[in-house]
J.: 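Below you will find the structure I want to go over with you.
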Amino acid sequence: MSFLDFFTKRKPATANLAKERLQVIIAREGNRSSNPELIQQIKRAVLEAVGKFVQVRPEDIAIEVENQRDLEVLSVSVTLPDGRSIGI
Amino acid sequence: MSRVIVVTSGKGGVGKTTTSANLSAGLALRGKKVVVIDFDVGLRNLDLVMGCERRVVYDFVNVIQGEATLNQALIRDKNVENLHILPASQTRDKDALTEAGVQKVIEDLKEMGFDYIVCDSPAGIESGAVMALTFADDAIVVVNPEVSSVRDSDRIIGIIQSRSRRAKEGQDPVKEYLLVTRYSPRRVKAGEMLSHGDILEILKVPLMGVIPESQRVLESSNQGLPAVHQKETDVAQAYQDAIDRYLGNDLPLRFVDEEDKGFFRRLLESVGVGGSSKSA
């Protein structure tokens, strides 16, 4: 903190941003699932399959593995870019 | 019954060796028989932090390769009774640690009657780090309130849950504990730093303690004397509390809230007059 900073307004808090980014990436990496590499492979396959019909970016695909007691739940969600519709 | 504890983190520089030194010294101060093993082959440093660097004759790799006995390699700590250090080798051969060799050393240490065998893991997720966690009963995951450290902790927890002997043999899982280090209550309050609650929510591992950022840590490594020996300091007390929680005592967290400072103290600190670290 510099002398001037003391009198000026506080900058926006970044800790919340760190928390949100971590929650997303940790859910997506699935480090605690039985096969973390599998998630990357599924992501590539989904990107390729969906890409045949509508253009999506890698960051629009969220693959998460959640442990619920004895079972692992794999969820895949694809956000379509603004202005695109696959017309269902 | 001995417990094997791995102190790990994934990321480097977060405080694994500092924690290993303080945990082992703290347990020994409670009368437990403790040995701490440096698994960082090629980058030995626990000996310096514990102040026994000039007494190293034989090391972990010498024992594994049958060039020395455990009794020859173990260094007795000068400050606490019942604390022994097994230094890492300075060899550049990263494959010097074999799983069978490590297993034999740990079994022999158990037979020698050690209550706690503390394994100070190297950074990363290479063989040395995996070797350090393979035989663990308990894992202390050291994490800084910082994005890369939190993510790497998640990664290493995943590795503990898949690569440890307990996981592979389908026994009870390794018991994990989170230790947040280099914590600055002031920066958390200002919204600049992840809070221990945030980290807990993300990693979902029980909290063993929060160690405040402190100049004492550097000073104690300068001297080769773990901070737990300076009983009046906040770092020593925070480590002692963490050890108490590990041993099953439920204690409230200390040193996680900022004391309210007056206008002038903040003004002085903003121009670098007066330290921002507080000693308890």
Side-chain angles (χ1 to χ4, degrees), chain A residues 1-47 57-79, chain B residues 10-11 125 139 141 143-164 167-168 170 173-174 176 183-205 261 263-274 276:
Chain A
M1 189 158 59
S2 79
F3 184 72
L4 274 177
D5 284 346
F6 185 81
F7 295 102
T8 55
K9 260 195 181 159
R10 202 160 248 165
K11 42 188 193 301
T14 51
N16 283 334
L17 185 60
K19 185 181 179 186
E20 283 163 24
R21 290 176 58 220
L22 277 168
Q23 281 171 324
V24 170
I25 193 65
I26 282 176
R28 290 188 183 187
E29 282 181 331
N31 284 323
R32 302 189 204 180
S33 67
S34 40
N35 188 353
E37 284 82 27
L38 199 62
I39 294 189
Q40 273 305 318
Q41 290 167 14
I42 294 172
K43 184 166 184 170
R44 279 184 224 119
V46 171
L47 194 61
R57 297 168 303 174
E59 59 267 39
D60 297 326
I61 299 174
I63 299 180
E64 300 187 358
V65 179
E66 213 184 320
N67 284 305
Q68 296 180 347
R69 285 191 216 97
D70 287 346
L71 57 131
E72 282 188 340
V73 176
L74 173 77
S75 68
V76 180
S77 81
V78 182
T79 309
Chain B
K11 191 177 184 298
I125 54 172
V141 179
V143 61
N144 290 168
E146 182 267 320
V147 287
S148 45
S149 176
V150 176
R151 183 200 217 172
D152 290 358
S153 295
D154 184 64
R155 186 95 179 85
I156 203 77
I157 291 165
I159 293 170
I160 293 166
Q161 293 176 355
S162 59
R163 305 283 297 274
S164 63
K168 282 183 169 172
V174 174
E176 296 149 355
Y183 196 77
S184 166
R186 181 187 65 77
R187 304 199 71 183
V188 171
K189 195 179 176 193
E192 299 168 1
M193 183 181 266
L194 289 163
S195 70
H196 56 87
D198 292 339
I199 300 170
L200 216 61
E201 206 181 312
I202 295 162
L203 294 176
K204 302 180 181 75
V205 168
K261 290 174 185 167
F263 175 83
F264 281 106
R265 181 137 173 226
R266 281 188 291 132
L267 181 62
L268 286 174
E269 282 180 13
S270 75
V271 293
V273 184
S276 60

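These values consider heavy atoms only, across backbone and side chains, with no hydrogens, waters or symmetry-generated copies. To find a chain, count down the sequence lines: A is the first, B the second, and so on, and within it residues start at 1.
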J.: For the CZ atom on R163(B), are there more than 12 heavy atoms of other groups (residues, nucleotides or ligands in this structure) within a distance under 6.0 Å?
T.: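 Not buried by this count: 12 neighbours or fewer within 6.0 Å.
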J.: Between D198(B) and L22(A), is any pair of side-chain heavy atoms under 4.5 Å apart?
T.: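 They are not in contact (no side-chain heavy atoms under 4.5 Å apart), so the answer is no.
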J.: To check you understand the geometry: which heavy-atom pair defines the closest contact between R32(A) and K204(B), and what is its length?
T.: NH1-O, 4.3 Å
J.: Of all of V147(B), I199(B), D154(B), which one pairs up most often with chain A through heavy atoms under 4.5 Å apart?
T.: D154(B)
J.: Looking only at non-hydrogen atoms, find the nearest pair between A190(B) and A13(A) and report the distance.
T.: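 In this case the closest contact between A190(B) and A13(A) is O-CB, 4.2 Å.
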J.: Is chain A contacted by the side chain of L203(B), its backbone, both, or neither, given a heavy-atom distance below 4.5 Å?
T.: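 Both parts, heavy atoms under 4.5 Å.
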J.: If you look at every heavy atom in L194(B) and A18(A), which pair is closest and at what distance?
T.: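 Smallest heavy-atom distance, with atoms named: CD2-CB, 3.9 Å.
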J.: Which distance, rounded to the nearest 0.5 Å, do you find between the CG of N31(A) and the CD1 of I156(B)?
T.: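 It comes to 10.0 Å.
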J.: Looking only at heavy atoms, which two atoms of I202(B) and Q23(A) are closest? And how far apart?
T.: CG1-CG, 3.8 Å
J.: Can you tell me how far CD1 of I26(A) sits from CZ of R155(B), rounded to the nearest 0.5 angstrom?
T.: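 Here the rounded value is 11.5 Å.
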